[in-house]
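First the structure, which I've put down as structure tokens, then a few questions once you've had a look.
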Amino acid sequence: MQRAIDRAYLINTNGEVWKHARLTDEQYQETEFIAEYPREGGIILDAVRNGANRIIDRVYASIRPVFDSAVQQGLVQHQTIAAQHAERSRYVEARQRNIQTFDDLRQASHPEWAAAYSNRSVVKEIDQLVGQIVPARLDGSSVDISLRGSLPHPPLAFDSQRAKRFHQIASQRELAAPVRVMVIIRSLDRGNDYAKPGAKILNLSTDREVTLQLSSRRDFDALHPHHNGEPVELYVSPIVESLGFDLNGGDLMFIAVA
């Protein structure tokens, strides 16, 4: 819950949360709430300092849409990342140079991505909290979250099935339409039996180092000749998480060398 509070504070302060954003020492003092001893079957976080109401309101606003979806939806089978990757690869092969650039994508803005990505930083923390009642051995357990900010918000009641659906939405990952991007490969990992191959790249559109996820050793072999400090153009797909993506620092999925 404290991490959710930290993320909400950053959203209120900066308007959005960037990947790997951190609080300063002074900001930690503003977000430290007091946890009292459990009473009436619940744990009370006492938010008494100035500005705390806005932080609690932001936590609620972030998780309420996902909670509502979890209440309304059954468990949905989403297409696997591997299947999506195969589709994006066929798309790249068919379209080639007609695919838009990463700069085109940034100019298109996608404000809904930024908002959803910021909310996700709060949602993923709440997901870990309510996810504790998902195991079958805890069937019949529940988690109720009551938040009082500038006003008392309607309580959020989770049973096991609702917590499962909440997790499904919170952890949903999709590959957006492929784009062309100029990068410099900073590091390249072949992977092993326990870890997938991967890379760190400097995105020359944003001048930020980001993670480039690879689907197989063949991707490593395709990139290896270009791990030389020189710019190379790649086809990649933004990895959209919980319907959000950080255009500056979000992870990308490698499709092919352009």
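Predicted, not measured: the structure shown is a model, and the values here were computed from it.
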Practice task
Hey, could you give me the OH/CG distance between Tyr235 and Leu252, rounded to the nearest 0.5 Å?
Solution key: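 Those atoms lie 15.5 Å apart.
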
Exercise for the section: Specify the closest pair of heavy atoms between Gly131 and Pro135, including all atoms of both residues, with the distance to one decimal. Expected result: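 Scanning both residues, the minimum pair turns out to be O-CD, 3.8 Å.
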
Exercise for the section: Identify the heavy atoms of His226 and Ala222 that sit nearest to each other, and give their distance. Expected result: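 It is CD2-O, 3.4 Å.
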
Problem - Val143 side chain reached by Gln132 side chain, heavy atoms, under 4.5 Å - result: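 A side-chain contact is absent here, since even the closest heavy-atom pair is not under 4.5 Å.
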
Handout entry: Under 3.5 Å donor-acceptor, Asp104 side chain and Thr101 backbone
Key =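 Pair found, side chain donor or acceptor close to backbone of Thr101.
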
Problem - Transitive ILVMFWY side-chain link Trp113 to Met253, under 4.5 Å - result: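 As far as the 4.5 Å side-chain criterion goes, Met253 and Trp113 are not connected within one cluster.
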
Handout entry: Least distance between heavy atoms, Ile169 atom then Ala70 atom
Key =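 Ile169 and Ala70 have their closest heavy atoms at CD1-N, 3.7 Å.
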
Practice task
For the pair Arg88 (side chain) and Ile255 (backbone), establish whether a donor and an acceptor sit closer than 3.5 Å, ignoring hydrogens and angles.
Solution key: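 Side chain of Arg88 to backbone of Ile255, a donor-acceptor pair under 3.5 Å: no, none is there.
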
Problem - Arg180/Glu233 salt bridge by N-O under 4.0 Å criterion - result: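 Yes, this pair counts.
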
Exercise for the section: For residues Ser216 and Pro197, report the shortest heavy-atom separation together with the two atoms involved. Expected result: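 Residues Ser216 and Pro197, closest heavy atoms: O-CG, 3.4 Å.
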
Handout entry: salt bridge (charged side-chain N to carboxylate O under 4.0 Å, His left out) evaluation trace for Arg217 with Asp221
Key = CA-CA 6 Å; Arg217 294 274 177 87; Asp221 294 338; over 6 Å; no

Practice task
With the side chain counted from C-beta on, respond yes when Ser215 and Phe254 share a heavy-atom pair under 4.5 Å apart, and no when they do not.
Solution key: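 No, too far: nothing below the 4.5 Å cut-off.
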
Problem - Separation of Arg58 CZ from Ser118 OG (nearest 0.5 Å) - result: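 Ser118 atom OG to Arg58 atom CZ measures 8.0 Å (nearest 0.5 Å).
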
Problem - Test item: Asp189 side-chain N/O and Gly198 main-chain N/O as donor-acceptor pair under 3.5 Å - result: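 Judged by distance alone, no pair lies under 3.5 Å.
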
Practice task
First locate atom CG of Asn203, then atom OG1 of Thr211, and finally report the distance between them rounded to the nearest 0.5 Å.
Solution key: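 So the CG of Asn203 and the OG1 of Thr211 are separated by 12.0 Å.
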
Practice task
Find out whether Asn53 and Ile56 are in side-chain contact, i.e. whether some heavy atom of one side chain is under 4.5 Å from a heavy atom of the other.
Solution key: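 When only atoms from C-beta onward are counted, Ile56 and Asn53 do not touch, as no gap falls below 4.5 Å.
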
Handout entry: Atom pair CD1 (Ile63) and CG (Leu147), whose distance is rounded to the nearest 0.5 Å
Key =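 One gets 5.5 Å once the value is rounded to the nearest 0.5 Å.
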
Exercise for the section: Indicate the atoms forming the closest heavy-atom contact of Ala177 with Pro238, along with that distance. Expected result: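 Closest approach of Ala177 to Pro238, heavy atoms only: O-CD, 3.7 Å.
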
Practice task
Would you indicate whether the side-chain heavy atoms of Arg64 and Leu156 approach each other to under 4.5 Å?
Solution key: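 The answer is yes; the side chains approach within 4.5 Å.
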
Problem - Worked check of side-chain contact (heavy atoms from CB on, under 4.5 Å) between Leu234 and Met182 - result: CA-CA 6 Å; Leu234 306 179; Met182 294 296 299; over 6 Å; no

Exercise for the section: State whether Glu125 and Arg7 are salt-bridged, where the test is any N-O pair (Lys NZ or Arg NE/NH1/NH2 against Asp/Glu carboxylate O) under 4.0 Å. Expected result: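 No.
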
Problem - Audit row: Gln213, Ile239, side-chain contact (heavy atoms from CB on, under 4.5 Å) steps and yes/no - result: CA-CA 9 Å; Gln213 296 191 19; Ile239 300 177; 3.5 Å; yes

Problem - Linked, directly or transitively: Tyr9 and Val59 (ILVMFWY side chains, under 4.5 Å) - result: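 Both belong to a single hydrophobic cluster.
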
Exercise for the section: Would you tell me whether Ser160 and Asp139 have side-chain atoms, one donor and one acceptor, within less than 3.5 Å of each other? Expected result: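 Note: Ser160 and Asp139 side chains miss the donor-acceptor criterion.
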
Exercise for the section: Please lay out, stage by stage, how Val240 and Arg173 fare under the test side-chain contact (heavy atoms from CB on, under 4.5 Å). Expected result: CA-CA 6 Å; Val240 177; Arg173 298 167 76 241; over 6 Å; no

Practice task
Verify the cluster assignment for Ile145 and Phe166: are they in a single hydrophobic cluster under the rule of side-chain heavy atoms below 4.5 Å apart?
Solution key: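 Result: yes, single cluster for both.
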
Problem - Step-by-step side-chain hydrogen bond (donor to acceptor under 3.5 Å, both in side chains) determination, Ser142 to Asp159 - result: CA-CA 5 Å; Ser142 63; Asp159 58 15; over 6 Å; no

Handout entry: Sole residue of Leu223, Ile184, Val183, Val236 in side chain to side chain contact (heavy atoms under 4.5 Å, CB included) with Ile201
Key =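 The single option meeting the side chain to side chain contact (heavy atoms under 4.5 Å, CB included) with Ile201 is Val183.
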
Problem - Shortest non-hydrogen contact from Leu175 toward Ile81 - result: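 Closest heavy-atom pair between Leu175 and Ile81: CD1-O, 4.1 Å.
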
Practice task
With the side chain counted from C-beta on, respond yes when Ile5 and Val122 share a heavy-atom pair under 4.5 Å apart, and no when they do not.
Solution key: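 No, side chains not in contact.
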
Practice task
Report the distance from atom CG of Leu105 to atom CD1 of Ile99, rounding to the nearest 0.5 Å.
Solution key: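 Nearest 0.5 Å value for the CG-CD1 distance: 12.5 Å.
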
Problem - Donor on one side chain, acceptor on other, Asp103 and Ser205, under 3.5 Å - result: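 The criterion, which ignores hydrogens and geometry beyond distance, is satisfied for Ser205 and Asp103.
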
Exercise for the section: Specify whether Phe67 and Phe158 have parallel, tilted or perpendicular ring planes, treating 30° as the upper limit for parallel and 60° as the lower limit for perpendicular. Expected result: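 Geometry flag for Phe158 against Phe67: perpendicular rings.
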
Handout entry: Flag if over 12 foreign heavy atoms under 6.0 Å of CD, Glu93
Key =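 12 or below, so no.
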
Practice task
Report yes if some heavy atom in the side chain of Glu241 is under 4.5 Å from a heavy atom in the side chain of Gln172; otherwise report no.
Solution key: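 Glu241 vs Gln172: side chains apart.
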
Practice task
Ignoring hydrogens and angles, state whether a donor on the side chain of Ser62 or Asn119 is under 3.5 Å from an acceptor on the partner side chain.
Solution key: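 Checked: Ser62/Asn119 side chains pair up, N/O donor to acceptor below 3.5 Å.
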
Handout entry: Ile185 vs Glu230 side-chain heavy atoms within contact, under 4.5 Å
Key =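 Answer no - side chains too far apart.
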
Handout entry: Derivation of the side-chain hydrogen bond (donor to acceptor under 3.5 Å, both in side chains) call for Asp68 and Gln72
Key = CA-CA 6 Å; Asp68 287 343; Gln72 296 163 8; 5.4 Å; no

Exercise for the section: Treat each ILVMFWY residue as a node, draw an edge where side-chain heavy atoms are under 4.5 Å apart, and state whether Tyr60 and Met1 are in one component. Expected result: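 As far as the 4.5 Å side-chain criterion goes, Met1 and Tyr60 are connected within one cluster.
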
Exercise for the section: List the steps and the verdict of side-chain contact (heavy atoms from CB on, under 4.5 Å) for Val210 and Asp251. Expected result: CA-CA 6 Å; Val210 301; Asp251 290 0; 5.6 Å; no

Exercise for the section: Working to the nearest 0.5 Å, report the span between CZ of Arg90 and CZ of Arg95. Expected result: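 Answer for the CZ-CZ pair, Arg90 versus Arg95, is 15.5 Å.
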
Handout entry: Path from Val232 to Leu202 over hydrophobic side-chain contacts below 4.5 Å
Key =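 Hydrophobic grouping puts Val232 apart from Leu202.
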
